[in-house]
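For the numbers below, each heavy atom of this structure counts, side chains included, while hydrogens, waters and symmetry mates do not. Below, chain A is the first sequence line, B the second, and so on; all start at residue 1. As the structure is a computational prediction, the values presented were derived from the model and not from experiment.
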Amino acid sequence: MNVILDVKNLTMDFGGVRALNRLDLDIRAGEIVALIGPNGAGKTTFFNCITGIYNPTGGDILVTPPQKKTVRVNGVKPHIVTRMGLARTFQNIRLFQNMTVLENIMIGRHCRTQSEILGALIRGPKTRAEEEHIVHYSYALLKKIGLERQVNEFAKNLPYGDQRRLEIARAMATDPFLLLLDEPAAGLNPQETTDLVDLIHKIRTEDKISILLIEHDMKLVMTLSDRIFVMDYGKKIAQGTPGEIRNNPVVIKAYLGEDSDA
Amino acid sequence: MTPLKHILRSIMISIWFMFLTFPLMVVYINPLNYTVTWRWKNMIMVGIGTFFASFFWRRFQNRTVGNNDKPSLGQKTLNHIYTSPEISRMLLGVLILFTLSFPFIFSTYQTNVFTTALMYVVLGLGLNIVVGLAGLLDLGYVAFYAVGAYSYALLNHHFGVGFWVALPLGALVAAFFGILLGIPVLRLRGDYLAIVTLGFGEIIRLILENWDKVFFGPSGISNISRPAFFGVELVEKSIPHAIKYMYYLVLLLVLFTIFFVNRLKNSRIGRAWIALREDEIACQAMGINKMRTKLTAFALGATWAGMVGVIFAAKTTFINPASFTFMESAIILSIVVLGGMGSIPGVILGAFFLVLLPEYFRTLGDYRMLAFGASMVIMMVFRPQGLISHIRTKYNFNAKEPLA
Ligand SMILES: Nc1ncnc2c1ncn2[C@@H]1O[C@H](COP(=O)(O)OP(=O)(O)O)[C@@H](O)[C@H]1O
Ligand SMILES: [Mg+2]
C-alpha cells in the first residue's frame, strides 16, 4: 500500500519548549493508525502542525492525495490542507454552536462548492442545484451518523456524545482521504464508545478513508488500530502493531511512570 | 424567597437609591442667590419608584429562572408569525400598503423623518453583514458612509456627475476603501479590530476636516444635485416632490437590501460568515479561506454604507464632516445590537426605534441621550440577544429520501 502521509523529523518549538522532537510517522492508504501518549506528550501539537494551524520549526510533512503528486505542506494554510483532503476534529469540541446540526455539516461542503456572492443574489439554476446538493449530501451524512432527527436543532443543544459524532460528520463532509480524530471517545459512555468504534470501521470500509486517531481509551485503540505510534515528551518512543505495543516495556514505563514497579 | 423577604429587599434597595441620588435629586443649590432648596418630594418619588422597579424585576427574574432556553411568549408569538404563512402575508400586505402610501398620508416633515429612518435601516442591514453575520466588530463604519457621500459630492461639484452614475461609483469607492483597510486590519480579532476601525473612522473624518483644498474642510460642500427622475431634473421649487421621490428611492433600496441580505444569509457565503463568527479555527479547518471570507463581508458592508452615503448627500444637498462623527457609527452599531445581531426584522425595528424616538422626543432636549443610554442598558439586561433574535432556516425532509 502506498504512503499517504509521511512525516519526517518533525520538530516544533514554542519558545523554549520543544513540543515535538524529530518525530517520524507514516500512514498508508486504508489504515487506521493510533497516536497515543501521556497528556502533554505533543499529540495535539502534531495534529496542529499537519493541518496548518502551526508552522513547524523543522522537518517535512509530505502528503500524497490519491492519484496526485506528493506535496510538502509545512506552513501551508489550514484551509488549503483541508482542500487537499485532510480533515480533522478537535479535542475540545469546536462545533458552530449557534448553527443547526445540518448547517454544521453544510459548512463542511464549503470547500467542495463554488457559488459566490453574485450567485447568492441571482440564485440561478447553477447555484440552486449546488445548494440542493449541499443540503442533500449533508443530510445523507447526518443519517449515516444517526442524527437525522436533530437536523434543525442548534449544535449547542446536542448531548455531548452527539456533538462528538457531529464533529466527525462535519469533517467527513469535506471529502477527506485522511481523517484526523483528536480523542474522539473522550467523555463518551460505554455504549457511545461502541457506536463510535462501529462508525470508524464503517468510515474506513465504506468510505475508503484512512484514519489517524489520538486516544486514551486503550481498549478502543487496541481493537481499532492496525498500527500504533507512542509519543512521550515530543518524541516517538515506540511503534508497532497493537500486540507489539501492549508488551513493549518502554511504553509501559512511559504510561505508568519511572518509579512504578508494575 | 417569601414575599415578605422580597419586600424587605426592595425596601433596602430603595433606601440605598434614595441615599445615592440624594445630592442630585434632593439638594438644589441656586447659584444666583446662594440658597439651597431641599426637594424632599423627589426623594419620595425615587424611593417609591425604585421599590416597585426592584420588586417587579425580581419577580420577573424568578419567573424566568429555570426556563432559560425556552423562548419567551413574545418570541413564540413572533416565531408563530414567521412560520404561519397567512399571518405573515397579511402583515406584509398591510406593511407594504402603509409604506407605499406614507408620503401621501403624512406631512413632508414626517416623510423626511421616515426617509432618514429607512436610510438607517439600510445602514443597519449593511453593518449587520459585518458585525451580525461575520462577527467583525467594526466601530468605524461611518467612514465608508462618508466615503460614499464625499464621492458623490466631489464628483458632482467638479464634473457635474449625476446621482444615478454616482450611486454605483460611490459604492465601488467605498468597497475599495473597505478592501484597502480590510487587508491589514482583518488579521486582528475582537477588541483590537474594534479599536483600529474606530481609529480609521476618526482618521477619515480628520482628513475631511483638515484637507481643505480637496474636501473643503469644516464648511463642507453645498449645492449637491438631487437625484434626477428618469433623466428629468427635479426643479428646486418642488421640494416636497423631491422629498417624496427620495422616500421611494430609499424604500426601494431598503427592499433590495432586505432581499439581498436574506438571500446571502442562506447561501454558501453567508453560512461561512456565521461559521467564522462562531469559531475561526474550526472554520479554517473546514476549508474556509478566513481572510477572503472576512474581506468579502467587510467590503460588502462598506459598499452598502457607500450607497447610503451617496443618497445622504443627494438628500441633504449639503454635507460636511460633522455628519460623520463616531456618534454615527455608535448609533448604527446600536441598531444592530439592539435589534438583534443577524436578524433582519430585528435590525429594521432597531433602526426605527433609535431614529424615530429621539426625533419625536426632541422636546426633551439632552434628556433624550439619557433615555437612549438607559434603554440600551435595560435591553442588555433583559434581552441581550436583541429585540428579535435571529432564527436559522429549518429544512424539511419528508418521507422522500434524499440521496438514496
Ligand atoms: N500554542 C502553544 N504555545 C506554547 N506551548 C504549547 C502550545 N501548544 C502546546 N504547547 C505545549 O506543547 C506540549 C504538548 O501539548 P499537546 O500537544 O496539547 O499535548 P497532548 O495533546 O499530547 O496532550 C505541552 O507542554 C504544551 O504546553
Ligand atoms: Mg491533546
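- Of the two parts of A:T51, neither the backbone nor the side chain holds a non-hydrogen atom closer than 4.5 Å to a non-hydrogen atom of chain B.
- In terms of heavy-atom pairs under 4.5 angstrom with chain B, the leader among A:A171, A:G119, A:G108, A:C111 is A:C111.
- Heavy-atom pairs under 4.5 Å with chain B peak, among A:R109, A:E130, A:Q114, at A:Q114.
- Note on B:R292 versus A:E116: salt bridge recorded, some NZ/NE/NH1/NH2 to OD/OE distance being below 4.0 Å.
- Ranked by non-hydrogen atom pairs under 4.5 Å with chain B, the options A:P176, A:A173, A:A87, A:P78 are led by A:P78.
- Interface residue A:E131: only side-chain heavy atoms are found under 4.5 Å from chain B.
- Put simply, CG on B:N289 and NZ on A:K77 are 7.5 Å apart, with the number rounded to the nearest 0.5 Å.
- Residues B:A285 and A:F90 come closest through the heavy atom pair CB-CZ, 3.7 Å.
- Taking 4.5 Å as the heavy-atom cut-off, the residues of residues 264-272 of chain B that approach chain A are B:L264, B:N266, B:S267, B:R268, B:I269, B:R271, B:A272, ordered by number.
- Neither the backbone nor the side chain of A:L141 comes within less than 4.5 Å of any heavy atom in chain B.
- At a 4.5 Å heavy-atom cutoff, the contact between A:I117 and chain B is made by backbone and side-chain atoms alike.
- Judged purely by atom type and a 3.5 angstrom limit, B:R263 uses its side chain to pair as donor or acceptor with the backbone of A:I122.
- Contacts of A:R112 with chain B are absent, with no heavy-atom separation under 4.5 Å from either backbone or side chain.
- Shown here is B:Y248, whose OH atom has more than 12 heavy atoms of other residues, nucleotides or ligands within 6.0 Å.
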*Starting from the C-alpha separation in whole Å, work towards a yes-or-no answer on side-chain contact (heavy atoms from CB on, under 4.5 Å) for B:M286 and A:H110.*
CA-CA 8 Å; B:M286 288 300 107; A:H110 186 97; over 6 Å; no
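- Across every non-hydrogen atom of A:I107 and B:A275, the tightest pair is CD1-CB, 3.5 Å.
- A 4.5 Å side-chain heavy-atom check between A:F96 and B:I274 finds every atom pair outside the cut-off.
- Residues B:F256 and A:L121 have side chains in contact (heavy-atom distance under 4.5 Å, counting atoms from C-beta outward).
- In A:D198, the CG atom is crowded: over 12 heavy atoms of neighbouring residues, nucleotides or ligands sit closer than 6.0 Å.
- Only the side chain of A:L102 has a heavy atom closer than 4.5 Å to any heavy atom of chain B.
- Of the listed residues (A:T174, A:V135, A:T127), the greatest number of heavy-atom pairs within a distance under 4.5 Å of chain B belongs to A:V135.
- Side-chain N or O atoms of B:E278 include one that pairs as donor or acceptor with a backbone N or O of A:N98 at under 3.5 Å.
- Heavy-atom neighbours of B:K290 NZ from other residues, nucleotides or ligands within 6.0 Å: above the threshold of 12.
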